[in-house]
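Not measured: the values here are computed from a predicted model. Within every chain, numbering begins at 1; the chains are lettered A, B, ... in the order of the sequence lines, protein sequences first and strands thereafter.
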2 protein chains.
Amino acid sequence: MDDIAHATGVSRSTVSFVLNGREDIQIPAPTRDRVRAAARELGYRPHAGAQALAKARTDLIGIVTDIVATPFAGEIIRGAQHAAWARDKFLLVVGTDGDPTRVAAAFEMLLQRRVEGIIFATQANESVTLPAAAREVPTVLVHCVSDAGDFTTILPDEEAGGALATETLIRAGHRRIGMINLDPWLRAAIPRETGYRRALATAGVAFNPRLVRVGHATAEGGYEAARELLAEVDPPTALFCANDRMAMGAYDAVKEAGLRIPGDVSVVGFDNQEIIAAFLRPALTTVALPFDTMGATAIDALCAPSFGPPAVTIVPCPLVERASVGR
Amino acid sequence: MDDIAHATGVSRSTVSFVLNGREDIQIPAPTRDRVRAAARELGYRPHAGAQALAKARTDLIGIVTDIVATPFAGEIIRGAQHAAWARDKFLLVVGTDGDPTRVAAAFEMLLQRRVEGIIFATQANESVTLPAAAREVPTVLVHCVSDAGDFTTILPDEEAGGALATETLIRAGHRRIGMINLDPWLRAAIPRETGYRRALATAGVAFNPRLVRVGHATAEGGYEAARELLAEVDPPTALFCANDRMAMGAYDAVKEAGLRIPGDVSVVGFDNQEIIAAFLRPALTTVALPFDTMGATAIDALCAPSFGPPAVTIVPCPLVERASVGR
DNA sequence: CTGAAAGCGCTAACAT
DNA sequence: ATGTTAGCGCTTTCAG
């Protein structure tokens, strides 16, 4: 900046003002132009770090997550990145592999970096306990809840999602709808089934406990559960699988039984794991876990004019229609 | 720091020295202890930004990628994050959605942030052209090549991967091995097939052009190609699919033909998209695209004592053995 | 309308 | 062995 001040014959402050486009300061247009020209010629590039120091604003937001190989982490980073970029904020990401020691270290490092907020996200919808440092900076939880329950939290609307999946099947004319659920200790299992029951009740369909099985969240489990369901005396004509992996297994069972999807049995999944859902044959209609939206929502919360008291935001799970529902 | 200097009755420099653990400066142990104690009591937390300004080292590394929903971006970020953390570096991530304008903007922003290096990674192994700013900072390409070819580049060893997949099948006793390849304009298609042919040749198996088909990189394509292959007069007993999605489709075709995997036909995939490979039934043996390793390798290159002239590093693609190969 | 000057929080010669 | 001092690159108040 000194260089360009000298080159232009003005002071550093003037340079600062015009480069920051401060129209509130009266500076003749010709001067402004000269400054800008000099800046360009000299290849001036502002030093964000120095600006941050002077302004006491880093424009940095941290995101700590138990990054694993599922696309979930990628999606939430993507959503957050997008929203952050729109606000001229940058994302500092640190993965913890779920190690609590690293979580604490991550928070400490981010605080030293003077991030303006931290997003703490997990793959699985679970209960977590944050390091004390989390209270020293705006922190929002994504896809998990705090034991103490005193953090702003972004959660997917699992129950509405379960209902949506079920309604989709009902609307297609199905009444005998089987559900293959996750193991009950997975937090998402309960609300997804609650949604299923609610949709059934709303449609005036009696709930039949024989029609719900647990598939252990794996393709193998989905296969077994679907086989059982299909072996019932009056088998379901539609299956709501509480995740796409189980739906993948269910596909196998249906096909093995000589049945067609969606001709003989319709299937709806949950999670929208693109790689599975989009490429299963036929492509799987499923309820999406809106990770990108949650990531963006977290940024919005963090960047809000005033970061308010703890609140819970429930993000809807949209239906992604593909080709596995029919009739 | 001033506070702790006053509290301890020493100067700021002394505080700086002990807090930075500079043993080369002679300071009596008791003084050191007092300083550290005061720091703790006052809840002192170093300001990384100020340190960066003073030291002219930000410890920041940028990563720009066309983040999409595949787990690839997540894996490379994970690998890079890991390696960066080990070196006390932080990752600034920006996604571009493949938009060239944003790529240029991303580089500019990262340079303003004074990152010490930039990783440019793409989902698909492709040819890219980087903005001019890329020359102003150590930059390494991951999973893509530059038109000009003058950047340090990290690439997977696709050819060795193709050979590895094929050898795996050969070693299991197969001689009639079909290959379902990607569309030829996908950069990975050529080397994967070259590897296939090389492995065949090495094993003394004649190459039979009727045994290789193109599956368009989709499950549907894999299904069609597998059906054709299985309909040959002397059908293959093993299938090497150039990606896991096509393997997924191939599974369907094999099962539909009343054949078993791996009893009647063995299958090997490529990419190791965990979500597919690990949950297919039977789980798919596949060659992994080592994104995390590539990310880590990129960090290593960037952090090397002296960032050398452009070089290409080829990272091996390891075999992930699961349950689809037999005989 | 423009410039001087005082920081932002920290490091590192250079003196003492 | 410890303190003084001069920055790092930029913003911003306050005079002029």
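Proximity of A/Gln273 to A/Ile275: side-chain heavy atoms (C-beta onward) are nowhere separated by under 4.5 Å. Within the 4.5 Å cutoff, no side-chain heavy atoms of A/Ile63 are placed close to those of A/Gln81. Side chains of A/Arg187 and A/Val145 form a contact here, defined as non-hydrogen atoms less than 4.5 Å apart.
Here the nucleotide nearest the side chain of A/Arg12, chosen from C/dG3, C/dT11, D/dC10, is D/dC10. Comparing atom distances between the B/Gln26 side chain and each of D/dA1, D/dG3, C/dG9 picks out D/dA1 as nearest. The side chain of A/Val10 lies closest to C/dG3 when the candidates are C/dG3, D/dC10, D/dA1. Proximity note for A/Lys55 (side chain, C-beta onward) versus C/dG9, D/dA1, D/dT12: the nearest is D/dT12. Minimum atom distance to the side chain of B/Ser13 is reached by D/dT4, of the listed C/dT2, D/dT4, C/dA13.
Taking side-chain N and O atoms only, A/Thr14 has a distance below 4.0 Å to OP1 or OP2 of C/dG3. Distances shorter than 4.0 Å separate some side-chain N or O of A/Ser16 from OP1 or OP2 on D/dT11. Look at A/Gln51 and you'll find a side-chain N or O under 4.0 angstrom from OP1 or OP2 of D/dT11. Phosphate proximity of D/dC8 to B/Arg57: absent, as no side-chain N or O sits under 4.0 Å from OP1 or OP2.
Atom pair A/Ile4:CD1 and C/dT2:P shows a separation of 14 Å (rounding to whole Å applied). In this structure, CG of B/Asp3 is placed 12 Å from C1' of C/dG9, rounded to the nearest angstrom. Residue A/Arg34 contributes atom CZ, which lies 14 Å from atom P of C/dC1 at whole-angstrom precision. Rounding to whole angstrom units, CG of residue A/Leu53 and P of C/dC10 are separated by 9 Å. Residue A/Leu19 contributes atom CG, which lies 8 Å from atom P of D/dT11 at whole-angstrom precision. Atom CG of B/Asn20 is separated from atom P of C/dC10 by 10 Å (rounded to the nearest Å). We find that CZ of B/Arg114 is positioned 8 Å from P of D/dG9, with the value rounded to whole Å. In this structure, B/Leu42 atom CG and C/dG9 atom C1' are separated by 15 Å, rounded to whole Å.
Residue side chain B/Thr31 does not reach the base of D/dT2 through any donor-acceptor N/O pair under 3.5 Å, judged by distance alone.
B/Arg78 places no side-chain N or O within 3.5 Å of a backbone atom of B/Asp292 that could act as its donor or acceptor partner. Using modelled atom types, no side-chain atom of B/Thr65 and backbone atom of B/Ala73 make a donor-acceptor pair closer than 3.5 Å.
Among the protein residues, B/Arg22 comes within range of the sugar-phosphate backbone only, with heavy atoms under 4.0 Å from sugar or phosphate atoms but none that close to a base. Nucleic acid contact class of A/Asp2 (heavy atoms, under 4.0 Å, all strands): none.
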